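What you are looking at is a predicted structure, and each value in this text was computed from that prediction instead of being measured.
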Amino acid sequence: MLNWSQWSLKEQIGQMIVVRTCGFLFDHQIRYPAWEASNAQLQQWLESLNLGGVILLGGSAVELKERSHTIQSWSQTPLLIAADIEEGVGQRFTGATWFPPPMALGEIAKTNPTEAIQYAKQFGAITAQEALAIGINWILAPVVDVNNNPDNPVINIRAFGDTPELVSQLITSFIHGAAPYPILTTAKHFPGHGDTSTDSHLNLPVLEHSPARLAEIELPPFQAAISAGVDSVMTAHLLIPAWDSIRPATLSPEILTGQLRKKLGFDGLIVTDALIMGGVTNQYTPEEIAVMAVEAGADILLMPSDPIIAIEAVYQAVQTGRISQERIIESVSRICQLKDKLKPSHHSVSNFFSDLSSPIAHDTVVSILTRSMKIGGKLPIILDEAKKRNLIVVDDVLNCDFLDRHTPAVTIPKQLGYEIQIVDQNTLGCIVEDSRQTLLQVFIRGNPFRGTAGLTETAQQVYQNLLKSRSLQGVIIYGSPYVLEWFESQMTNDLPWIFSYGQIPLAQKLACDRMFNLNIEQDKKDKTFTN
């Protein structure tokens, strides 16, 4: 048991801070220097401030194992090492298993809820096992938001579904899957970010629902997560006038203490969403954010702009009596209690590699992708000797880890004689009339900082022109079902199309194989496809 009583007040407050750093080993690999501490800076903070933990992004699974061990060695107090791995460890750290977005499970549940629940449990177990193998002990998942707003730009397919019943079932199974492992899970984003059309990374969304509506739609999945034994709940930067007309949920005592602690009875760890997000920084200073979050009832301040400023601000609030020392002790006690739950994971080299991207994990991902795939029109595309174009559209060509010269969306059409053309939302205007037979592959989904859920007016016009042309052979859409709905309203009945929730290479292979009728029989023999 950690003895927090031996720490100074500032060291106790330090345990309430989790900072972000790069998952890569070396400083020159840092991708977001405004948010990610250098090695020297991080080591100094961990050695002198008694920070509670770190959140990591980037790097391979193999180097994460070394990175997490090094970071733990810099701190005298065991650290929480967290990651936003809502789609499995491979979503953030290459080499590990990358699952389809959670909404793929919601799609399966529409016709086979028992199967979807089993997949969700495997999803939780595999994520926990792989996270522990590389030194992560805090999974910032599952997302328990009910995404019932098609225009939601930031939750979107990160949610398991669009009804509280469906989301509750699947997140419960995910939590149960992870439960046997010494690792923490997180329900987010309280009290529910699903019915917004604003990204809280950029601005403060307003949720104008009554308490009765919140109790009916937004809160049940959090109640289910608490009943399932979730360890922590992450706040949302949302303004909910029915409960607090002034402060965002993250900074509201009425919401975090009144609703989450008292009404829902949650006694685990309350962690803020990142405190560098526009949903709070557009209104408040870093000092005010830190103090108000603690006053509201948060135990962990995630990613403050500067941990020294945050610690000093909370310390001064205690000194002046604005925050009681008992309030700090409450949070530190919870943190220490959960840290005691986490046992170091000792993996031999052979176990380490067998715990990552196992055949079972691979087969589970393929099964989820296959069962959630949608198909329309007259497949397959019939090939001839004419000139052909593989037109790929992504959000941002500089930020799409799922696409490269070796990935199936590129290689399979190339083998069939298609010349590649890649554009993004900034270069859609480069698409001109082209007489070549065209395969259109669109990678669009909701993501933080994207700002929009679907297609811009410019994009719609470009796609309408393509759909009217005689050169378009087929369409593959990866990501958002809401984008698919628009395409379905525009496509002719016989135009071949495929939709996949996943954008990962496995999703690309399955979609391209189906579009061109490749390897289907062999895949069945290999049990790659699940009936």
Side-chain angles (χ1 to χ4, degrees), residues 32 35 57 84 86-87 91-92 100-104 106-107 140-163 167 188-209 217-218 221 234-240 248-250 273-274 276-283 303 393-402 424-428 442-463 477-487 489 499-503:
Y32 304 97
W35 298 338
L57 177 66
D84 276 311
E86 301 164 3
E87 297 170 24
Q91 179 189 11
R92 302 297 184 192
M103 195 174 282
E107 182 65 34
L140 299 182
V143 172
V144 307
D145 303 309
V146 179
N147 195 87
N148 55 4
N149 187 336
D151 294 326
N152 194 320
V154 64
I155 302 301
N156 205 267
I157 58 175
R158 296 166 61 196
F160 282 88
D162 58 7
T163 68
V167 172
K188 61 185 190 184
H189 307 80
F190 186 82
H193 206 320
D195 193 10
T196 67
S197 56
T198 300
D199 181 357
S200 55
H201 292 80
L202 303 173
N203 293 292
L204 179 64
V206 180
L207 204 59
E208 298 275 10
H209 293 316
I217 303 296
E218 277 72 24
M234 180 181 286
T235 70
H237 304 326
L238 302 174
L239 187 66
I240 305 174
T250 296
D273 207 343
I276 46 80
M277 292 166 58
V280 288
T281 61
N282 291 347
Q283 284 184 277
M303 288 178 60
V393 184
V394 298
D395 267 335
D396 182 356
V397 294
L398 297 178
N399 187 28
C400 50
D401 297 337
F402 50 82
D424 63 14
Q425 298 301 311
N426 299 314
T427 56
L428 273 173
V442 181
F443 292 81
I444 298 289
R445 58 167 289 177
N447 265 324
F449 297 104
R450 188 169 184 266
T452 178
L455 305 175
T456 63
E457 290 185 9
T458 300
Q460 289 180 14
Q461 186 60 55
V462 169
Y463 295 135
I477 300 165
Y478 304 92
S480 171
Y482 310 115
V483 171
L484 169 64
E485 289 175 6
W486 181 88
F487 269 91
S489 72
F499 170 76
S500 175
Y501 282 91
Q503 297 184 331

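The shortest side-chain heavy-atom distance between Phe487 and Leu455 falls under the 4.5 Å cut-off. Using a 4.5 Å cut-off on side-chain heavy atoms (C-beta onward), Val483 and Tyr463 make no contact. You'll find the side chain of His189 stays beyond 4.5 Å of the side chain of Ser200, heavy atoms only. Contact annotation: the side chain of Pro191 approaches that of Ile240 to within less than 4.5 Å [non-hydrogen atoms, C-beta and beyond]. Between Ile444 and Asp395 there is a side-chain heavy-atom pair separated by less than 4.5 Å.
Atom OG1 of Thr281 sits about 8.0 Å away from atom NE2 of His237, to the nearest 0.5 Å. Met103 CE to Tyr482 OH: the interatomic distance, rounded to the nearest 0.5 Å, is 3.5 Å. For the atom pair CG of Leu204 and OG1 of Thr196, the computed distance is 10.5 Å after rounding to the nearest 0.5 Å. Remark: Trp486 CH2 to Gln460 CD distance equals 5.5 Å, nearest 0.5 Å. Atom OG1 in Thr163 sits 11.5 Å away from atom CG in Asn147 (nearest 0.5 Å).
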Starting from the C-alpha separation in whole Å, work towards a yes-or-no answer on side-chain hydrogen bond (donor to acceptor under 3.5 Å, both in side chains) for Asp195 and Asn149.
CA-CA 5 Å; Asp195 193 10; Asn149 187 336; 3.2 Å; yes
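Between Tyr32 and Trp35, the angle of the ring planes stays under 30°, which puts this pair in the parallel group of the 30/60° scheme. Ring geometry, Phe402 versus Phe443: the interplanar angle falls under 30°, so the pair is classed parallel (tilted spans 30 to 60°).
No donor-acceptor pair under 3.5 Å is formed between the side chain of Asp424 and the backbone N or O of Leu398.
Minimum heavy-atom separation, Gln425 to Ala459: OE1-CB, 4.2 Å. Taking both residues in full, the closest heavy atoms of Leu202 and Asn282 are given as O-ND2, 3.0 Å, listed atom of the first, atom of the second, then distance. Contact detail for Val144 and Val167: the closest heavy-atom pair is O-CG1, 3.5 Å. Here the shortest heavy-atom pairing between Asp145 and Ala159 reads O-CB, 3.4 Å. The two residues Phe190 and Ala249 make their nearest non-hydrogen contact at O-CB, 4.2 Å. Across Thr250 and Ala236, no two heavy atoms sit closer than the pair OG1-O, 3.2 Å.
Residues meeting the side-chain hydrogen bond (donor to acceptor under 3.5 Å, both in side chains) test with Ser500, sequence neighbours left out: none. Asp273 pairs by the salt bridge (Lys or Arg N to Asp or Glu O under 4.0 Å) definition with nothing, not counting sequence neighbours. In this structure Asp84 satisfies the salt bridge (Lys or Arg N to Asp or Glu O under 4.0 Å) test together with Lys188, sequence neighbours excluded.
Just one of Arg158, Gln91, Gln503, Arg445 meets the side-chain contact (heavy atoms from CB on, under 4.5 Å) condition when paired with Pro101; it is Arg445.
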